[in-house]
Amino acid sequence: MAVNTDTNVLPFPWDKMRLPETVKPQHYDLLIHPNLTSLTFTGVVQMLIQVEQDTRAIILHSKNLQISKAQLLESRHHRDLQISEFEANEQIALFADGFTFEKGNHLVHLEFYANLSDSYHGFYKGRYTTNSGEVRMLASTQFEATHARAAFPCFDEPAFKANFTIRVRRESRHISISNMPKLRTVELADGLLEDQFDTTVKMSTYLVAFIICDFHSISKKSQHGISVYTVPEKISQAEYALNTAVTLLDFYDEYFDIPYPLPKHDLAAIPDFQSGAMENWGLSTYRESGLLFDSEKSSSSDKLGITKVIAHELAHQWFGNLVTMQWWNDLWLNEGFAKFMEYVSVNITHPELQVDDYFLEKCFTAMSVDSLSSSHPISTPVENPAEISEMFDDVSYRKGACILNMLRDFLTPEAFKYGLIDYLKRHSYQNTVNAHLWESLTNICTSDGLDSGRLKLDGFCSKKRAESPASKWFMEDSVDVGAIMDTWTLQEGFPLVTVEVRGQEVILKQERYLTNSSTSSFLWQVPLTYITSHSSAVQRFLLKSEKDVLYLSEKVEWIKFNVDLRGYYIVHYESGGWDALISQLQQDHTVFSSNDRASLIHDIFQLVSIEKVPLDKALNLSLYLSKESAIMPVTQGFSELVPLYKLMEKRNMEELENQLKSHLVKLFKNLIDRQRWSDDGSVSERMLRNYLLLFACVRRYPSCISTATELFQKWKESDGKMLLPTDVSLVVYTEGARTDEGWDFLLEKYKRSTSPSEKWMIKAALSYTPLTHKLQWLLEKSIEGEVMKTQDLPSLVVTVSKNPKGFKLAWEFLKTNWAKLVKKFDLGSSAISRMTVGVTDQYSTREMLDEVQTFFSSLAQDQGSGLRSIQQALEKIQQNILWMDRNVPLLKSWLDSQSMIES
């Protein structure tokens, strides 16, 4: 039967982006049959729906699907349904002339077909090449946020939870995997096989997954059955992920006091995959580089990254999958939590990875976006798919994690944990909004018994009220978590807290930190922490108003707020406050923790941007770095100082640029000279080694160049068989990629490598080359996707744009290929915003501002003219222009005076 899908017959019966709430899916019976030769698929879905009030039409989602049959299955006969499609909203309406869907349950049957998608979302095709050069196809899914509707007609919003019974038809040379264990495989008449999977728990459409491929797997049974799937030739690199997943899933089981609800969890490494990973319930999917660890080729930072990404996706099995946000405006309830839990879990399960060393960098990254007028509240209204995609940003993930960390410190880790458990138990298999979380965290001891037995056992709630977690802050009867946290989630930005010490009085003032000169009336409830020159015991104070005064028990030389960066705010020390801290850093920097040292460096440079502190004072503070050896302060020093010369590389300022570069080499010379070209030391020491040696070689530091050149020659002579220390491989490759011959040799090794870690390092080295023609070739090949995978294009374009020989190429490439990129990566995706901001954020001239503005304003709405990332890019360039106008003369005279002192 041909279905009438003529959109012009009648006006579409529904005019909103969101579906009506009066029809709810209960169960989907879904059959999917992909053809990996024709790269198409067919499907049948039977939906049991509950109609809550009589309606003439059922409205649901469908995108790019041809529907060949639509019926209502009634007890006595099957009623044919007509279909009307509203493409702009990705919706269809099912109806029959003169017929009303009455209140109650109905069974709807739809048959459909479509092409496998060319993008990285929906039900899309993937490919990989075997060592012998054979190209093999696979098909896999990526439905978050709004792409399940491109694989089967459905109610594609997170609150429409239902059960799914999935069947997949395939050829015998393939296997299929899905969210649930396979119950049986049935042989069909035409030689095809049908895998039938167990019915899922109640869940949202964006978590459904199925993969048809020829992967191999390894498994382990702990409390749960866990398997890792990869292409056959890489299965030997799956063991680390398998062991890590077992450890982490067991950890979360215990931490959340809720058993993982499914019989199994599979982790699959997908050759073509755009985002980092996806938490599909029971079948999480990853980039190969996010899951596969090669003990001979992978570095310590690879191990840290893989562990964190697995921790993130497994945390989602509770936060996101079991309890899901009501709508995408509260995406941070999923993502902020998973990002935060990466640190909580890995800190306990893998202490040797020293994961705490890297948390504050997340907060600094979030602040750099959140300090712009174009930022958005963590919880922000969104309607259409592009707006929803744009929510997957540093504010939802990183700021979300940072404010949770601040709240955990405020309530104490144990109280916070019990609040989380209450939240998860109370809302299992349901959907939530912000307020539900705050309720659980406020009523930790007065909850209706869900967990009070356990709390009482721990003696947590029986302590006298005066000793409750809140009393550390102020002596009121109760803490209103909601009132505090609304100031952090419902308004954008973060506070700048100004501190002035007068004797034993500390005068406090808060305002929004904004990089442009606009003003804001926002106020926050800020949980302040501080230490002083007389006491390293952490003191606490809740700042609720614009101004307040805090009293010290004695006079002090200095005071340092935001201990270990537990809070999401910046601090300015007035009237000599900075001078006292700077002199303490110069006398003995170890009085402060390494996180405190990193946050002092961060804060003072942010204050230069808003003219609260002169540049020379910030540069004077950074001089103590010549004695520093901890990873976070050193890398934070680089993060503040390197961008200054990166701005100059894109203008004609060679003299000043070189002066600053040689100052930095001198500043870190002792630390660079102490680095060994080996793999020994702690994870942080090893990551710092890679960072420093790469900097030294790129800055042409003689001893670094000679060692790297010698190692590259030996490696090349061994035809790449010699094992380099993994922590310095990138440095050696980067040195080798400076010549045509070396670059070509590396490319050959890239093509042949089966280690994602090694490929990543070689690709980075190829993109650091000063050879412009090679950079152009890389960009062109990445969009073709044969030699270089297109999934890596966003990071490649940004890397080339940071290369002094490549920034013009990257900008031209972005403009020329914009339409292709938007089609491939999706409007509003983090890939598009990373490229938009990443390629332009080191420009600092009015000419470039005009050029960037002209290009983006010429785009149509459906090509992205309204994207938030474009506003961020323009604001960043304006910020750079202002910074350079104000500070170049100061920088010049400060560097001159430094070289006088040194000589």
Colleague: Any luck finding a side-chain donor-acceptor pair between Y120 and S829 under 3.5 Å?
Modeller: no
Colleague: Quick check: do P643 and Q842 have side-chain heavy atoms less than 4.5 Å from each other?
Modeller: no
Colleague: Once rounded to the nearest 0.5 Å, what's the spacing between atom CZ of R676 and atom CG of L693?
Modeller: 11.0 Å
Colleague: Would you check if the distance from the ring center of Y240 to the ring center of F293 is below 6.0 Å?
Modeller: yes
Colleague: Is it true that the side chains of S684 and Y358 contain a donor and an acceptor less than 3.5 Å apart?
Modeller: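 Checked: S684/Y358 side chains pair up, N/O donor to acceptor below 3.5 Å.
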Colleague: With a 4.0 Å cut-off, would you call R686 and D680 a salt bridge?
Modeller: no
Colleague: With rounding to the nearest 0.5 angstrom, report the CD to CG distance, Q636 to L625.
Modeller: 10.0 Å
Colleague: Between T726 and E296, what is the shortest heavy-atom contact and its length?
Modeller: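 Closest pair (atom of T726, atom of E296, distance): CG2-O, 3.3 Å.
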Colleague: Distance-only, no hydrogens or angles: does the Y124 side chain make a donor-acceptor pair with backbone N or O of D272 under 3.5 Å?
Modeller: yes
Colleague: Just by modelled atom types, is the V732 backbone N or O under 3.5 Å from a matching donor or acceptor in the E735 side chain?
Modeller: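 No; judged by distance alone, with no hydrogens or angles, the pair does not exist.
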Colleague: Any chance CD of E134 has more than 12 other-residue heavy atoms, nucleotides or ligands included, within less than 6.0 Å?
Modeller: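 Atom CD in E134 is crowded, with more than 12 foreign heavy atoms closer than 6.0 Å.
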Colleague: Could you tell me which non-hydrogen atom of R689 sits nearest to which non-hydrogen atom of S678, and how far apart they are?
Modeller: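 Closest approach of R689 to S678, heavy atoms only: NH1-O, 2.7 Å.
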Colleague: Looking only at the aromatic ring of each residue, does the gap between the centers of Y701 and F695 stay below 6.0 angstrom?
Modeller: no
Colleague: How close do L291 and A241 get, heavy atom to heavy atom, and via which atoms?
Modeller: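 Closest approach of L291 to A241: O-CB, 3.4 Å.
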Colleague: Between E279 and H312, is there a side-chain donor-acceptor contact under 3.5 Å, judged purely by atom types and distance?
Modeller: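 H312 vs E279: no donor-acceptor pair found between side chains.
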Colleague: Before you tell me yes or no, could you show the steps for F813 and W818 under ring pair (Phe, Tyr, Trp, His ring centres under 6.0 Å), namely the whole-Å CA-CA distance, both residues' side-chain angles and the distance that decides it to 0.1 Å?
Modeller: CA-CA 8 Å; F813 178 84; W818 181 262; over 10 Å; no
Colleague: If we count only N and O atoms by modelled type, under 3.5 Å, do the side chains of S753 and E758 hold a donor and an acceptor together?
Modeller: yes
Colleague: When you check the side-chain N and O atoms of Q659 and E655, is any donor under 3.5 Å from an acceptor?
Modeller: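 There is no such pair between these side chains.
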Colleague: Among K749, K714, R752, which residue meets the salt bridge (charged side-chain N to carboxylate O under 4.0 Å, His left out) test with D719?
Modeller: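 Result for salt bridge (charged side-chain N to carboxylate O under 4.0 Å, His left out) with D719: K749.
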Colleague: In terms of side-chain heavy atoms, does R651 have a donor or acceptor partner in T845 at a distance below 3.5 Å?
Modeller: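 No - no donor-acceptor pair under 3.5 Å links their side chains.
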Colleague: Cation-pi between K802 and F807: NZ/CZ under 6.0 Å from ring centre and within 45° of the ring axis?
Modeller: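 Not flagged: K802 not positioned over aromatic ring of F807.
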Colleague: Is it true that Y733 and F712 have ring centroids separated by less than 6.0 Å?
Modeller: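 Ring centroids of Y733 and F712 are no less than 6.0 Å from each other.
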Colleague: Is the closest side-chain heavy-atom distance between F638 and L667 below 4.5 Å?
Modeller: no
Colleague: For a quick check under 3.5 Å, do S757 and D302 share a side-chain donor-acceptor pair by atom type?
Modeller: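 A donor-acceptor contact under 3.5 Å links the two side chains.
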Colleague: Are there over 12 heavy-atom neighbours, none belonging to K820, within less than 6.0 Å of that residue's NZ?
Modeller: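 Atom NZ in K820 is not crowded, with 12 or fewer foreign heavy atoms closer than 6.0 Å.
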Colleague: Examine the side chains of Y691 and D727 and answer whether a donor and an acceptor come within less than 3.5 Å of each other.
Modeller: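 Absent: no donor and acceptor within the cut-off.
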Colleague: Under the criterion side-chain contact (heavy atoms from CB on, under 4.5 Å), which of L694, T707, L724 is the partner of V731?
Modeller: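 With V731 as partner, L694, T707, L724 yield a single side-chain contact (heavy atoms from CB on, under 4.5 Å), made by L694.
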Colleague: Between E288 and K234, does any NZ, NE, NH1 or NH2 come within less than 4.0 Å of an OD or OE carboxylate oxygen?
Modeller: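 Salt bridge present between K234 and E288.
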Colleague: For the residue pair S301 and N690, confirm or rule out a side-chain donor-acceptor distance under 3.5 Å.
Modeller: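 Result is no, nothing qualifies.
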Colleague: Minimum heavy-atom separation for R127 to M137, with atom names?
Modeller: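 Heavy atoms only, the tightest pair is CB-SD, 3.8 Å.
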Colleague: For the aromatic rings, using the six-membered ring if either is Trp, is the centroid distance between Y768 and W743 under 6.0 Å?
Modeller: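 Between Y768 and W743, the centre distance exceeds or equals 6.0 Å.
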Colleague: Go through it in stages, so that I can follow the logic: the residues are D393 and R398, the test is salt bridge (Lys or Arg N to Asp or Glu O under 4.0 Å), and I'd like the CA-CA distance, side-chain angles, deciding distance and then a yes or no.
Modeller: CA-CA 8 Å; D393 68 356; R398 295 180 175 197; over 6 Å; no
Colleague: With the threshold set at 4.0 Å, does a side-chain nitrogen-carboxylate oxygen contact exist between D214 and R173?
Modeller: no
Colleague: Is there a ring pair (Phe, Tyr, Trp, His ring centres under 6.0 Å) between Y750 and W760? Walk through the geometry before answering.
Modeller: CA-CA 9 Å; Y750 175 86; W760 182 88; over 10 Å; no
Colleague: Which atom pair, heavy atoms only, marks the closest approach of Y397 to F392?
Modeller: OH-CD2, 3.5 Å
Colleague: What closest approach, in Å, do V837 and S869 show between heavy atoms, and which atom pair accounts for it?
Modeller: CG2-O, 3.6 Å
Colleague: Are W883 and F605 an aromatic pair by the rule of ring centers under 6.0 Å?
Modeller: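 When the ring centroids of W883 and F605 are compared, they turn out to be at least 6.0 Å apart.
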Colleague: Are E361 and T365 close enough that a side-chain donor and a side-chain acceptor fall under 3.5 Å?
Modeller: yes
Colleague: May I ask you to say whether K661 pairs ionically with E649, meaning some side-chain N is under 4.0 Å from a carboxylate O?
Modeller: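 Counted as a salt bridge, because a side-chain N and a carboxylate O are separated by less than 4.0 Å.
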Colleague: Check for me whether the distance between the ring centres of Y286 and F273 falls short of 6.0 Å.
Modeller: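 No, they do not, as the ring centres are separated by 6.0 Å or more.
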